[in-house]
*Asks:* 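One structure, as structure tokens, below. Some questions next.
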Amino acid sequence: MTARDEILNGLAEAVVEGDASKCVELANKALENNVDAYDAVINGCAHGMSIVSDKYEKREMFVPEILLAARAMQGAVDVLKPYIKADEIKESGRVAIGVVLGDIHDIGKNLVKLLLETAGLTVFDLGKDVLPEDFQDKIKEEHVDLVALSALMTTSMMEMKEDVKLFKEEFPAVKIMVGGAPVSQEFCDSIGADGYADNASEAIRVAQKLLSE
Ligand code: HCB
């Protein structure tokens, strides 16, 4: 096993264990060993978080452990973030991101935000459980080019549908990207959103494509 694999596996494991100090230690070790910071976030931290999601689904992990895992992951992300190289993205753009009304799941949204920022985009984070009018105000005030919506529940997917309808009516030129575990390309097409991303790195590619159209 290479040093990279060892560190990344260790990071994923530390996220699953919710071991915040181990996460920080391994994030620093990744940097010392010239492991690419982006690689460490995606294939270490985010990989660990997807193991946590699976374990939750199988009832092998419970809410308090999930929250510890998320906090531990954030510790590593904070160490790695300044070292993620800005992508050579040609089309810079202004993005408003948020989790739709009624939904407080923001772990995935935070990862997408981080990567969009490192891709050179200007990101306005509205947080979670966001009112449609807060998105609308931000789009107007900040001349936003792209809205990235996140939803993790079947109930909030309906809110996402309403948001897309509303924003498309009021701001036809503004692109809308959607994502979150239950969201799919099919759902994206059915609600008239412009793009769907399955994960944070894919979100960069989709944002880049939408902004260049
Ligand atoms: Co929560 N929860 N939860 N939860 N939760 C889910 C989402 C369920 C699927 C679990 C289940 O029952 N099987 C379920 C929803 C069921 C459904 O709707 N069909 C559920 C439920 C029901 C609830 C509560 C209602 C539970 C309760 O109180 N009875 C409650 C929600 C309250 C509310 O929102 N109003 C609740 C609470 C919680 C917490 C607080 C314990 C915690 C959230 C902590 C936080 O986010 N700060 C939590 C968590 C962690 C989960 C699971 C286990 C993991 C979600 C997660 O963070 N995944 C989740 C189970 C699951 O999804 N398998 C469970 C990891 C991230 C990295 O993945 O998919 O979010 P992601 O993001 C990806 C990807 O989708 C994409 O990029 C990200 C990075 O690669 N992406 C985008 C995301 N957003 C994007 C936006 C874009 O524009 C583009 C790409």
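Order of listing sets the numbers, starting from 1, for every ligand and every atom in it. Model, not experiment: these values are computed from the prediction.
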*Asks:* Which of the numbered atoms in ligand 1 are under 4.0 angstrom from any heavy atom belonging to L149?
*Replies:* 86 (C), 87 (C), 88 (O)
*Asks:* Ignoring hydrogens, what is the shortest heavy-atom contact between L210 and M177? Give both atom names and the distance.
*Replies:*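 Nearest pair, atom of L210 first, then M177: CD1-CB, 4.2 Å.
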*Asks:* May I ask which of G108, C188, S150 has a heavy atom nearer to atom 68 (O) of ligand 1 than the others do?
*Replies:*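 Looking at heavy atoms only, the winner is G108.
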*Asks:* For atom 24 (C) of ligand 1, is the nearest protein heavy atom under 4.0 Å away?
*Replies:* no
*Asks:* Is the closest basic N to carboxylate O distance between K175 and E213 below 4.0 Å?
*Replies:* yes
*Asks:* Among all protein heavy atoms, pick out the one at the shortest distance from atom 52 (C) of ligand 1; state its residue, atom name and that distance to 0.1 Å.
*Replies:*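 I find the closest protein heavy atom is Y56 CD2, 4.4 Å.
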*Asks:* The test is side-chain contact (heavy atoms from CB on, under 4.5 Å); show your working for D36 and Y83 and say whether it passes.
*Replies:* CA-CA 8 Å; D36 183 61; Y83 298 91; over 6 Å; no
*Asks:* Do you see a donor-acceptor pair shorter than 3.5 Å between the side chains of N9 and E13?
*Replies:* no
*Asks:* Give the numbers and elements of all ligand 1 atoms closer than 4.0 Å to a heavy atom of A181.
*Replies:*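 Listed by number with element: 62 (O), 69 (O), 75 (O).
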*Asks:* For ligand 1, does V178 get within less than 4.0 Å through its side chain, its backbone, both, or neither, judged by non-hydrogen atoms?
*Replies:*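 The backbone, only.
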*Asks:* Please identify which of these residues, L149, D125, L114, meets the side chain to side chain contact (heavy atoms under 4.5 Å, CB included) condition with K109.
*Replies:* D125
*Asks:* Pick out which of V130, V164, V100 makes a side chain to side chain contact (heavy atoms under 4.5 Å, CB included) with E159.
*Replies:*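 The option that passes is V100.
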*Asks:* Can you name the atoms of ligand 1, numbered from 1 with element, that are less than 4.0 Å from a heavy atom of N199?
*Replies:* 76 (C), 77 (O), 80 (O)
*Asks:* Check the hydrophobic clustering (I, L, V, M, F, W, Y; side-chain heavy atoms under 4.5 Å; chains of links allowed) and say if I97 and F171 are grouped together.
*Replies:* no
*Asks:* Please identify which atoms of ligand 1 are closer than 4.0 Å to at least one heavy atom of M177.
*Replies:* 88 (O)
*Asks:* Take atom 49 (C) of ligand 1 and look for protein heavy atoms under 4.0 Å from it; say yes if you find one, no if not.
*Replies:* yes
*Asks:* Could you identify the single nearest non-hydrogen protein atom to atom 39 (C) of ligand 1 and state the distance to 0.1 Å?
*Replies:*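 Its nearest protein heavy-atom neighbour is L67 CD2, 4.4 Å.
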*Asks:* Identify whether the distance between the nearest side-chain nitrogen and carboxylate oxygen of E202 and R205 falls below 4.0 Å.
*Replies:* yes
*Asks:* May I ask whether A70 has any heavy atom positioned less than 4.0 angstrom from an atom of ligand 1?
*Replies:*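 Flag not set, A70 not near ligand 1.
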*Asks:* Kindly state if atom 86 (C) of ligand 1 has a protein heavy atom within a strict 4.0 Å cut-off, that is, under 4.0 Å?
*Replies:* yes
*Asks:* Is any heavy atom of the protein nearer than 4.0 Å to atom 12 (O) of ligand 1?
*Replies:* no
*Asks:* In the protein, what heavy atom is nearest to atom 47 (N) of ligand 1, and what distance, to one decimal place, separates them?
*Replies:* D106 OD1, 2.7 Å
*Asks:* Establish whether atom 16 (C) of ligand 1 and some protein heavy atom are separated by less than 4.0 angstrom.
*Replies:* no
*Asks:* Please report which non-hydrogen protein atom sits nearest to atom 35 (N) of ligand 1, along with the residue it belongs to and the distance in Å to one decimal place.
*Replies:*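 Nearest neighbour among protein heavy atoms for atom 35 (N) of ligand 1, to 0.1 Å: G102 O, 2.9 Å.
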*Asks:* Out of all atoms in ligand 1, which are within 4.0 Å of some heavy atom of D198? Include the element for each.
*Replies:* 74 (C), 75 (O), 76 (C)
*Asks:* Name the option, out of A200, A69, A148, that contains the heavy atom nearest to atom 80 (O) of ligand 1.
*Replies:* A200
*Asks:* Relative to the heavy atoms of I66, which atoms of ligand 1 are at a distance of less than 4.0 Å?
*Replies:* 50 (C), 53 (C)
*Asks:* Output yes when K140 and E170 qualify as a salt bridge under the 4.0 Å nitrogen-oxygen rule, no when they do not.
*Replies:* yes
*Asks:* Nearest to atom 60 (C) of ligand 1, what protein heavy atom do you find, and at what distance?
*Replies:*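 Going by distance alone, atom 60 (C) of ligand 1 is nearest to E57 OE2, 3.0 Å.
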*Asks:* Suppose we measure from atom 89 (C) of ligand 1 to each protein heavy atom; which comes out shortest, and what is that distance?
*Replies:* G179 CA, 3.7 Å
*Asks:* Salt bridge check: are E117 and K81 linked by an N-O gap of less than 4.0 Å?
*Replies:* yes
*Asks:* Is any NZ, NE, NH1 or NH2 atom of the basic residue among D194 and K168 found under 4.0 Å from an Asp or Glu carboxylate oxygen of the other?
*Replies:*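 Salt bridge flag = yes for K168 with D194.
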*Asks:* Which bit of L152 is near ligand 1, meaning a heavy atom under 4.0 Å away: side chain, backbone, both or neither?
*Replies:*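 It is both backbone and side chain that touch ligand 1.
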*Asks:* Check whether the side chains of D189 and Q185 place a donor and an acceptor atom closer than 3.5 Å, and report yes or no.
*Replies:*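 Yes.
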*Asks:* Would a hydrophobic clustering, with Ile, Leu, Val, Met, Phe, Trp and Tyr connected at side-chain separations under 4.5 Å, put L68 with V16?
*Replies:* no
*Asks:* Considering only non-hydrogen protein atoms, determine which one is nearest to atom 14 (C) of ligand 1 and report residue, atom name and distance to 0.1 Å.
*Replies:* M153 CG, 4.8 Å
*Asks:* Please report the shortest heavy-atom distance between D103 and L152, naming the atom on each side.
*Replies:* OD2-N, 2.7 Å
*Asks:* Using the side chain to side chain contact (heavy atoms under 4.5 Å, CB included) rule, pick out the option among V178, L101, V99 that qualifies with M160.
*Replies:* V178
*Asks:* Could any protein non-hydrogen atom be found less than 4.0 Å from atom 63 (N) of ligand 1?
*Replies:* yes
*Asks:* Could you tell me whether atom 2 (N) of ligand 1 has at least one protein heavy atom nearer than 4.0 Å?
*Replies:*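 Under the 4.0 Å cut-off, atom 2 (N) of ligand 1 does have protein heavy-atom neighbours.
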*Asks:* Check each atom of ligand 1 against the heavy atoms of D103 and keep those under 4.0 Å away; list them by number with element.
*Replies:*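 Going through ligand 1 atom by atom, the ones under 4.0 Å from D103 are 34 (O).
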*Asks:* For atom 6 (C) of ligand 1, what's the nearest protein heavy-atom neighbour? Residue, atom name and distance, please.
*Replies:*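 Looking only at protein heavy atoms, the one closest to atom 6 (C) of ligand 1 is H105 NE2, 3.7 Å.
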*Asks:* List every atom of ligand 1 that sits less than 4.0 Å from any heavy atom of V63, numbering the atoms from 1 in the order shown and giving each element.
*Replies:*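 That gives atoms 41 (C) of ligand 1.
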*Asks:* Among V174, D145, D134, which one satisfies side chain to side chain contact (heavy atoms under 4.5 Å, CB included) with I139?
*Replies:*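 Only one option passes, and that is V174.
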